Amino acid sequence: MSVLAARDLVIGYGSTMIADRLAFDLSAGTVTCLLGPNGVGKTTLFKTLLGLLPKLAGSIRVGDAELASLSRPMLARHLAYVPQSYSADFAYTVLDLVVMGRTAHLGIFSTPTQPDVNIALEMLDRLGIAALAHHDARQLSGGQRQLVLIARALAQQAKIIVMDEPTASLDLANRIQVLRKVRALADDGLSILLSTHEPEQAFAIADQVLALGPDKQLETGPVDEVLTPERLSHLYGVALTVEKTPSGRHVVTAE
Ligand SMILES: Nc1ncnc2c1ncn2[C@@H]1O[C@H](COP(=O)(O)OP(=O)(O)OP(=O)(O)O)[C@@H](O)[C@H]1O
C-alpha cells in the first residue's frame with residue numbers, strides 16, 4: 001500500500017532547480033534506501049518531503065492529501081524524521097527526549113500526559129533500550145543515541161520514518177544493531193526512507209532503492225535491479241563490482 005507518492009516532482013531552492021521529474025512511491029512495510037553522490041540533492045529531497053522546503057513543481061501525496069496542504073501537526077502524523085545527530089545541551093533524560101516526539105499530538109498549551117509517557121516507554125521497549133529511560137541523554141554512546149532518536153520518531157506515531165544516514169559514525173556492531181531494528185520496524189508495517197552512502201546497506205535491508213545519479217536522473221526499483229555494477233559505477237563515477245558471498249551478503253568493491 002502506497003503511503004506517499006511523488007510525481008513530476010521538482011526540488012530546489014527558489015530559482016535554483018536541484019532535480020526534476022522525480023517519481024516514486026513509498027509503501028507500508030518497506031525500507032527504501034536513497035543513494036547518490038555528495039551534493040546530488042538527497043538532503044534537498046528529504047527537506048521537501050518533510051515540508052521544510054517548498055517543492056518547485058509537481059505533486060507529493062500522503063494518504064489522500066497533497067503534502068503542501070497539510071498543517072505542520074497533520075504532516076507530523078504522516079512523517080517523522082530521525083536526524084544524524086543532535087546536540088544535547090540540557091540535562092534531559094532519555095524519556096524526556098522521547099516524550100518530545102509526542103509534541104505533534106499535543107495542543108499548543110498542553111503538557112504531555114501519562115498516556116504520552118506510556119507511548120514513549122513503549123517505543124523505548126520496542127527498540128530494546130527501556131533500561132535507558134532515566135539516563136542522562138548527554139551520556140549515551142553513539143549507538144544508544146541513534147536508537148533514542150529512532151524511539152523519539154516512533155513516539156510521533158507517523159506512518160513514514162525518514163532517516164538521514166542512520167548508521168553514519170557508528171561502529172560495526174552498532175551499525176548492524178541499528179539496521180536490524182530498522183528492518184524490524186518496516187516488518188511491523190512502517191515505511192522507512194533512509195539515506196546512505198553504503199550500497200551494501202541497501203542490499204542488506206532495502207526493498208526498494210532510489211538512486212539519484214550525477215545526471216540527476218532518479219532510478220527506482222528493487223535493489224538487485226537498480227544497484228547493478230554498471231549503475232553503481234555510473235552513480236559514483238568509479239568502476240565498481242558487486243559480489244555475492246556464499247552467505248548471501250553483497251560486497252561492493254572498486255575494480
Ligand atoms: N540553501 C541552499 N540554497 C541553494 N542551494 C543549496 C542550498 N542547500 C544546498 N544547496 C545545494 O543543493 C545541492 C544539493 O545539496 P544536498 O545537500 O541536497 O546534497 P546531498 O545529496 O544531501 O549531499 P551530501 O551527500 O553531501 O549530504 C548542492 O549543490 C548544494 O550546494
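When a ligand or atom number is given, it counts from 1 through the structure's own listing order. Because only heavy atoms are used, hydrogens play no part in the values below, and waters and symmetry mates are left out as well, while side chains stay in. Quick caveat, the model's predicted, so the values are computed rather than measured.
At least one side-chain heavy atom of His197 sits less than 4.5 Å from a side-chain heavy atom of Asn38. Between Val82 and Arg152, the closest side-chain pair of non-hydrogen atoms is not below 4.5 Å.
Through side-chain heavy atoms spaced under 4.5 Å, either directly or across other Ile, Leu, Val, Met, Phe, Trp or Tyr residues, Met17 is tied to Val10, Leu56.
The aromatic rings of His250 and Phe203 sit parallel, their planes meeting at an angle under 30°, below the 60° perpendicular limit.
Counting heavy-atom neighbours within 6.0 Å of Arg180 CZ, excluding the residue itself, gives a total of 12 or less.
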For ligand 1, what N or O to protein N or O distances fall under 3.5 Å?
{"residue": "ligand 1", "atom": "8 (N)", "partner": "Tyr13", "partner atom": "OH", "Å": "3.4"}
{"residue": "ligand 1", "atom": "18 (O)", "partner": "Thr43", "partner atom": "N", "Å": "3.3"}
{"residue": "ligand 1", "atom": "18 (O)", "partner": "Thr44", "partner atom": "N", "Å": "2.9"}
{"residue": "ligand 1", "atom": "18 (O)", "partner": "Thr44", "partner atom": "OG1", "Å": "2.5"}
{"residue": "ligand 1", "atom": "19 (O)", "partner": "Gly41", "partner atom": "N", "Å": "3.3"}
{"residue": "ligand 1", "atom": "21 (O)", "partner": "Val40", "partner atom": "N", "Å": "3.2"}
{"residue": "ligand 1", "atom": "21 (O)", "partner": "Gly41", "partner atom": "N", "Å": "3.0"}
{"residue": "ligand 1", "atom": "21 (O)", "partner": "Lys42", "partner atom": "N", "Å": "2.9"}
{"residue": "ligand 1", "atom": "21 (O)", "partner": "Lys42", "partner atom": "NZ", "Å": "2.8"}
{"residue": "ligand 1", "atom": "22 (O)", "partner": "Thr43", "partner atom": "N", "Å": "2.9"}
{"residue": "ligand 1", "atom": "22 (O)", "partner": "Thr43", "partner atom": "OG1", "Å": "2.5"}
{"residue": "ligand 1", "atom": "23 (O)", "partner": "Gly39", "partner atom": "N", "Å": "2.8"}
{"residue": "ligand 1", "atom": "25 (O)", "partner": "Asn38", "partner atom": "ND2", "Å": "3.1"}
{"residue": "ligand 1", "atom": "25 (O)", "partner": "Lys42", "partner atom": "NZ", "Å": "2.7"}
{"residue": "ligand 1", "atom": "25 (O)", "partner": "His197", "partner atom": "NE2", "Å": "3.2"}
{"residue": "ligand 1", "atom": "26 (O)", "partner": "Asn38", "partner atom": "ND2", "Å": "2.9"}
{"residue": "ligand 1", "atom": "26 (O)", "partner": "Gly39", "partner atom": "N", "Å": "3.4"}

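With values rounded to the nearest 0.5 angstrom, Ser191 atom OG is found 13.0 Å from His78 atom NE2.
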